[in-house]
Amino acid sequence: MKRIEELNLPMAVRYAEDHEWVRSAESTVIIGISDYAQDQLGDITYVELPAVGDSFERGDEFGTLESVKAVSELFMPMGGRVVAVNEDLGETPGLINEDPYGRGWIVEIEPSDVREMDALMDARTYREMLRGFE
Amino acid sequence: MKRTPLFERHTSDGASMKEFRGWDMPLWYPSGAVAEHRAVIAHAGLFDTSHMSVVEIKGPGAFNLLQKCFTRDLRACVGGRKDPLIPGRSAFGAYLNEAGWVVDDTVVYQIDSQVYVSIVNAGMGETIASHLIGHADGEQVEVTDLTGRVGKIDLQGPASAKILMKVLDNPLQVLQDMEYFAFKGHFAGEEPYARTFLTDGTPILLSRTGYTGEFGFEMLASPDRLPGVWHMLLELGRDLGLVPCGLAARDSLRAGAVLPLSQQDIGPWPFVNHPWPYALPYNADKSAFTKTFVGDDALKNSENAEFTYAMVGFDPRKVSIHDPARVMDEEGREIGLVLTCVADMAIGLHGGRIYGMTGPDRPRDFTPKGLMCGFVKVKIPLAPGRTVELRDEKRSIKAVIVEDVRPNRTARLPMSEML
């Protein structure tokens, strides 16, 4: 596993306690999982994604990630309606391991309340939380 | 937790470490378990298997003791012709208790007419040594648990022989006539049988066996020589695609090759009705055993024993055997438990058939998406092709009962094709 100081935790995204990240686009937000999460899970082998148009509340399960180790649920860091899913993950789920903040993004949603973003952590706070797990 | 002689190397190479039966072992390296699994199919992988135990059985009564406790007939267990075990040959089987339950599985190596070495699983050295001593009944035999006194490295994959050509002393002489389940040399330099050496002078027991279903070797050596051997193999094997591999890849490779994990797929239940009849001393028409052994009566009278089958899914999705996962028939009745559930990431479905990533007949542009596979133990017999449902606390997955999983395995290919 990576040591906490080795983790790539960009400042440009915000982090949820369940290790999802959120990045603002124009009127939407993009969601993925953090470098810490992908490192803990190991190679992702299969992704179950929601359908475009599905609506979720903050904290709802919206899909699963199958890794060589186990299956893990994905939880919505913010409520909203799915406007796009990363179709490339069907063919190449390993994109989540290779590039968790870029080509390994998972869904794009139209948030129901952008203020929910404020409850998420910045990179420094998230790294502090992870230190607490060690 | 116990550490192998390679522990420091694993951690400095960035391996993710995990506890396995009391040992702190690499689960995968930074390249990841999928890349490691695929490297063994296409090139080669290096595994630290020093957590396994080695037991030596020595003396005039060694043959009789093994003939009594081991599930293979030493007079008929080599090759398709069922020749007797001889020095330089090994055989896979198990040790059972009187109830016919598996105490552990093992590969027994015959070193000399009165000397055998039995490789058993992690933490089982003491258990098996006392099991054997308990059945010695006045035989003149010495049983020694060598746990911690022998290191072990497995080199697995089609490039293995080419890599050994670079590290063995007199490589062609050692390798060219080496058949499946043949071995040479000894791990203890002071032994008269130590006649196989690496270029750095390390005496090794080199065995053409493994736990991946692929062509390859297991190497036993003194623990103090192990870090040097590991380093040399990785350095000289790199240009042939050799990568270090962890326990995750080992588990997925062996499941795709339909090989059992002791205490998980075989264990405290009768050792019958399973995909490993070759581990029992059956006669030609499988109507009887060719010898008597500890546990045989229980196996003969096991009408109510459950059935163990290999199974494969339709994609890499798994269930958790820790929940535990149950097996349901088509009508939704619970018929058993899932023993092993992993994903073989070197295979995939195409037109209803399983193809391997290196299969010569694979479809154009075939990329393996991986298939869940493993073993189930059920109360009723199931024919190959039967569909079952695997259910854990989170999900239900369909699987098919099969006789084999990963095609095009290389373990038995002739040495002449691999050099």
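Labels below follow one simple rule: chain letters A, B, ... track the order of the sequence lines, proteins then strands, and each chain is numbered from 1.
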Original post:
Does the side chain of E36(B) come within less than 4.5 Å of L253(B)'s, by heavy atoms?
Top reply: no
Subject >> Contact leader toward chain A among K369(B), R317(B), H322(B), H37(B), where contacts are heavy-atom pairs under 4.5 Å >> reply: R317(B)
Original post:
Does the side chain of R391(B) pick up a donor-acceptor pair with the side chain of S396(B) at under 3.5 Å?
Top reply: yes
**OP:** Below 4.5 Å from any heavy atom of chain A, which atoms of A33(B) appear? Answer side chain, backbone, both or neither.
**Re:** both
Original post:
Does the side chain of S34(A) come under 3.5 Å of the side chain of Y126(A) through a donor N or O and an acceptor N or O?
Top reply: yes
Original post:
Is chain A contacted by the side chain of V34(B), its backbone, both, or neither, given a heavy-atom distance below 4.5 Å?
Top reply: both
Original post:
Taking 4.0 angstrom as the limit, do R103(A) and D88(A) come out as a salt bridge?
Top reply: no
**OP:** Please flag which part of S67(A) lies under 4.5 Å from any non-hydrogen atom of chain B: side chain, backbone, both or neither.
**Re:** backbone
Subject >> Under 4.5 Å from a heavy atom of chain A, the part of A15(B) involved >> reply: backbone
Original post:
Any side-chain heavy atom of T4(B) sitting closer than 4.5 Å to one from M25(B)?
Top reply: yes
Original post:
Between the side chains of T340(B) and D265(B), is a donor N or O closer than 3.5 angstrom to an acceptor N or O?
Top reply: yes
**OP:** With a 4.5 angstrom heavy-atom cut-off, could you sort out which part of T11(B) is near chain A: side chain, backbone, both or neither?
**Re:** neither
Original post:
E73(A) versus chain B, heavy atoms under 4.5 Å apart: side chain, backbone, both or neither?
Top reply: side chain
